[in-house]
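Just so it is clear, the structure is predicted and the values come from calculations on it, not from any experiment. Numbered from 1 within each chain, the chains take letters A, B, ... in sequence-line order.
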Amino acid sequence: MTDLSKTKQSEESGSSPASHFIKTLISQDQKSGKYGGRVQTRFPPEPNGYLHIGHAKSICLNFTIAAEYGGQCNLRFDDTNPAKESQEYVDSIKDNIRWLGFEWDGEVRYSSSYFDTLFEFANQLIASGHAYVCSLSPEQAREYRGTLTEAGRNSPDRDRPVAESLALFAKMRAGEFAEGDYSLRAKIDMASPNINMRDPVLYRIRHISHHQTGDQWCIYPTYDYTHCISDALEGITHSLCTLEFEDHRPLYDWILSSLNLESIRAASVLADSESPYVLPEQTEFAKLKLNYTMMGKRNLRAMVEEGVVSGWDDPRMPTIAGMRRRGFTPASLRNFCESVGVSRSEGVVDLGMLEHAIRDDLDKHAPRAMCVMNPLKIEIDNIPEGEVIQLSLANHPKDEAMGRREVPLTREIFIDRSDFETDPPPGFKRLIAGGEVRLRGAHVIKCHHVERGSSGEVVLLRCSADLDTLGKKPEGRKVKGVIHWVSASEGKPVTVHLYDRLFRVENPEAKDIDDYRKCLNPDSLIEVSSAVVEPSVLEGSNERFQFEREGYFCKDVDPTATGRPVFNRTITLRDSWAG
RNA sequence: UGGGGUGUCGCCAAGUGGUAAGGCACAAGGUUUUGAUCCUUGCAUGCGUUGGUUCGAAUCCAGCCACCCCAGCCA
């Protein structure tokens with residue numbers, strides 16, 4: 001039996017997603033029937049910024065794992081700190097998740113929609129002696145907390161009578177106190193080596209309106225108090241989060257086990273269910289880090305606010321919105337997250353992995369086209385002036401289903417300046433004076449005259465086409481080079497944005513870097529205004545193309561003021577030629 | 001020097017006592033009207049380190065070292 005299953009697994013492992021410790025854990029829970037066969041996960045962003053590629057890992061993990069085990073994944077906004085949150089972020093996050101290809105279970109959830117229950121449970125904790133109202137100011141509380149190596153001291157209010165705490169908590173909620181006057185704290189252990197257990201704050205006073213609840217509340221629950229209860233109310237089974245929350249797990253468990261289990265169940269989505277009610281459990285995994293990339297929300301926000309980039313959706317940003325505009329596909333991001341794996345060791349993934357994921361997807365799915373970035377005019381003397389030869393080219397070299405397109409060939413065409421050399425380096429396969437080269441999808445041409453301007457620069461190449469080489473190899477010789485081209489008269493001018501990594505250093509967030517601005521790559525965006533594309537590019541509804549020999553490009557959603565179409569370079573083609 | 005974690009090829013990552021998967025990168029060939037794709041081959045006598053247990057250790061035990069996280073009424 002073991003042999004059989006092993007064989008089967010290894011045979012499938014080529015195509016099926018890799019296993020990892022969280023799947024192993026859930027498989028065990030499924031086998032033991034711990035949650036009655038249920039798997040419910042959740043993605044719990046705080047709406048205080050835009051989602052980035054790091055979030056994508058968590059999104060993919062939570063949604064795919066639920067799907068693989070026949071469960072569901074909730075989207076819950078963890079909105080307990082209205083000072084930093086806004087509806088704009090709520091909207092963008094929902095949009096980004098859908099774009100990635102995931103759909104959450106039922107309605108969007110908000111921690112703030114549990115405020116009533118949370119408040120009631122807080123009263124229960126006070127009543128059962130698990131929490132008290134503390135009058136220490138934030139500064140005093142810090143002093144009382146102790147340090148990493150010294151135990152803290154008990155608050156003078158720690159043994160406040162239950163009735164008094166209850167009354168004060170009611171007054172806090174009624175708005176009778178100023179911010180910082182009082183807080184509700186869990187009564188755990190001020191000497192705990194885990195600082196999170198030193199009577200953590202559960203509620204604080206904030207006279208601020210909330211993007212979802214308006215002015216209904218002036219006290220707001222903290223993350224630690226809210227998250228575990230929200231999970232429990234939603235019937236979450238596996239609460240997946242990143243490693244830095246590991247120290248919070250004891251608190252997560254403490255809060256839930258200090259509450260009455262039946263009260264939680266009764267307030268949860270499982271109240272009327274026959275499923276056994278089992279509390280959720282938190283499991284941590286390492287967050288995604290990418291080299292040459294800054295992922296901190298603070299820093300990303302700073303780049304937006306300081307105008308280092310054009311916005312949250314600047315194509316150089318590691319945000320979902322930015323990558324989308326850059327031309328990344330949802331599948332490429334999902335595949336990338338899958339290929340990176342899930343573990344507990346904190347590594348830094350090489351950008352090359354991401355690049356591979358997008359090239360892999362676009363190579364299969366992006367139609368080919370030609371675009372000349374830096375035009376050099378060629379006159380083909382044996383094509384009559386005014387004649388337009390419509391060539392039929394395959395949109396994809398391997399996938400006939402992607403169809404064909406017409407590409408006009410005329411007497412005057414453009415090739416890229418870099419495809420002609422008067423002084424070619426060894427191994428140069430493109431056009432040289434007196435040499436031959438294949439025009440992609442068209443004829444072999446020979447350059448017999450180089451025309452120069454007053455300062456010696458090449459202005460025009462006079463060539464002639466071997467009319468017998470359309471769709472066949474030339475007779476008696478080999479022409480190695482193939483270059484792309486665009487008709488001078490039929491081609492369309494476009495603007496192209498060549499993007500490169502934003503930073504010159506592997507870790508722009510390293511401790512020894514005082515200012516990330518000093519590490520910016522000055523060439524992260526190069527605007528090319530001289531580019532010309534073949535007409536088909538502007539005719540269809542395609543957004544993404546491979547401009548042959550140049551890279552993958554994506555039509556920008558936001559044309560520049562010039563009114564010309566803009567194409568963003570998603571990624572270059574691999575280039576094994578060091579020239 | 002408190003507590004919690006992590007250390008397997010340049011990078012990610014399987015492996016759970018039976019003799020080091022896979023992907024990325026890299027290198028060398030082959031195909032090619034994209035110097036792309038694709039195909040083939042190569043790439044850890046070694047699993048932070050030192051000891052121990054065992055017929056046998058990346059896997060078990062002990063010590064040591066390195067790195068990450070925690071002292072918000074942020075999440």
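- Taking the syn range as angles within 90° of 0, the glycosidic angle of B:G72 is syn.
- The residue A:Thr147 sits close to a base: some heavy atom pair falls under 4.0 Å.
- Pairing partner, B:C60: B:G52, with both Watson-Crick or wobble hydrogen-bond distances short of 3.5 Å.
- Contact annotation for A:Phe428: base contact, defined as any heavy-atom pair under 4.0 Å involving a base atom.
- A donor and an acceptor atom never sit less than 3.5 Å apart when one is taken from the side chain of A:Asn194 and the other from the base of B:G4.
- Because its NZ or CZ atom is not both nearer than 6.0 Å to the ring centre of A:Trp485 and within 45° of the ring axis, A:Arg440 does not count as a cation-pi partner of that residue.
- When the P atom is used for both B:C61 and B:U16, the distance is 15 Å, rounded to whole Å.
- The nucleotide whose nearest atom lies closest to any side-chain atom of A:Arg438 is, among B:C11, B:U33, B:A25, B:U33.
- Residue contacts shown for A:Arg359 are absent, as no nucleic acid heavy atom lies under 4.0 Å away.
- Remark: B:C67 base-pairs with B:G5. Criterion, Watson-Crick or G-U wobble with two distances under 3.5 Å.
- What separates CD of A:Glu338 from C1' of B:C12 is a distance of 13 Å, to the nearest Å.
- Residue contacts for A:Ala442: at a heavy-atom cut-off of 4.0 Å it reaches a base atom on one of the strands shown.
- When each of B:C73, B:A75, B:U37 is scored by its nearest atom to the side-chain atoms of A:Ala141, the top-ranked nucleotide is B:C73.
- At a threshold of 4.0 angstrom between heavy atoms, the contacts of A:Gly551 with the nucleic acid are absent.
- Interface remark: the A:Arg344 side chain does not form any donor-acceptor pair with the B:U6 base, using a distance-only criterion of under 3.5 Å.
- Note on A:Leu184: nothing from the nucleic acid sits closer than 4.0 angstrom, heavy atoms only.
- Across B:A75 and B:C70, the matching P atoms stand 15 Å from one another, rounded to whole Å.
- Within the nucleic acid shown, A:Pro397 comes within 4.0 Å of at least one base atom, counting heavy atoms only.
- In a base pair of the Watson-Crick type (N1 to N3 plus N6-O4 or O6-N4) or a G-U wobble (N1-O2 and O6-N3), with each distance short of 3.5 Å, B:A21 is matched with no nucleotide.
- Judged by distance alone with a 3.5 Å cut-off, no donor-acceptor contact links the side chain of A:Glu550 to the base of B:U34.
- Figure legend: cation-pi geometry between A:Arg206 and A:Tyr220 absent, as NZ or CZ is not positioned both under 6.0 Å from the six-membered ring centre and within 45° of its axis.
- With hydrogens and angles ignored, no donor-acceptor pair closer than 3.5 Å exists between the side chain of A:Arg249 and the base of B:G4.
- Nucleotide B:U34 is matched to nothing when pairs are restricted to Watson-Crick or G-U wobble geometry with both distances under 3.5 angstrom.
- Within the 4.0 angstrom heavy-atom criterion, base atoms lie near A:Gly180.
- Contact check on A:Lys171 versus A:Asp181 returns no salt bridge, with no Lys/Arg side-chain nitrogen under 4.0 Å from an Asp/Glu carboxylate oxygen.
- A:Gly471 comes within 4.0 angstrom of a base, heavy atoms only.
- For A:Arg477 (side chain) and A:Glu475 (main-chain N/O), a donor-acceptor pair under 3.5 Å exists by modelled atom type.
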